[in-house]
Amino acid sequence: GHNTPLLSVFETYQRFYAAGADSTSRAKRSDIKIFLEFLFRKSSVSALDRLVLSDWTPQATSSFVNEQSLKGFSPFTV
């Protein structure tokens, strides 16, 4: 549900799709860390592990992509 801890969602994803030592897996893990830190900065929660699934909105994703683009990253690599 909407109160599912967001860290557990991404931990599950990482376990299945980004657990390897290859460069793609490392990049996925790094991107997830950067995204979660972004969501935490924009949230009102007291700790990153208190983010829940409902904190991840289309608006938050768009804002993240925009911020990364301003830093020089291509939207295709974000």
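Atoms considered below: every heavy atom in the structure, side chains included; atoms not considered: hydrogens, waters and symmetry mates. We count residues from 1, following the sequence as given.
- Below 30°, between 30° and 60°, or above 60°: for Y13 and F10 the angle between ring planes is above 60°, a perpendicular geometry.
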Please assess D55 against F40 for the test side chain to side chain contact (heavy atoms under 4.5 Å, CB included), listing each intermediate value before the final yes or no. CA-CA 9 Å; D55 291 315; F40 173 64; over 6 Å; no

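- The same ILVMFWY cluster, assembled from side-chain heavy atoms under 4.5 Å apart, contains both F35 and F16.
- Applying the salt bridge (charged side-chain N to carboxylate O under 4.0 Å, His left out) test to every pair with at least one member in residues 32-42, sequence neighbours left out, gives these pairs: K33-E37, R41-E67.
- Hydrophobic clustering (side-chain heavy atoms under 4.5 Å, transitive across Ile, Leu, Val, Met, Phe, Trp, Tyr) groups V9 together with I34.
- Annotation: side chain of L51 is not in contact with side chain of P5 (no heavy-atom distance under 4.5 Å).
- Exactly one of L39, L36, L6 qualifies for a side chain to side chain contact (heavy atoms under 4.5 Å, CB included) with L48. That residue is L36.
- Side-chain contact between S25 and Y17 is absent, with no heavy-atom pair separated by less than 4.5 Å.
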Before you tell me yes or no, could you show the steps for Q14 and I32 under side chain to side chain contact (heavy atoms under 4.5 Å, CB included), namely the whole-Å CA-CA distance, both residues' side-chain angles and the distance that decides it to 0.1 Å? CA-CA 9 Å; Q14 286 179 180; I32 288 168; 3.5 Å; yes

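- Within the structure, no pair that satisfies the salt bridge (charged side-chain N to carboxylate O under 4.0 Å, His left out) test touches residues 13-29, not counting sequence neighbours.
- Atom OG1 in T4 sits 12.0 Å away from atom CH2 in W56 (nearest 0.5 Å).
- Side-chain atoms of S62 never come within 3.5 Å of backbone atoms of Q59 as a donor-acceptor pair (strictly under, hydrogens ignored).
- Checking side-chain atoms of S69 against main-chain N and O of V65 turns up a donor-acceptor pair under 3.5 Å.
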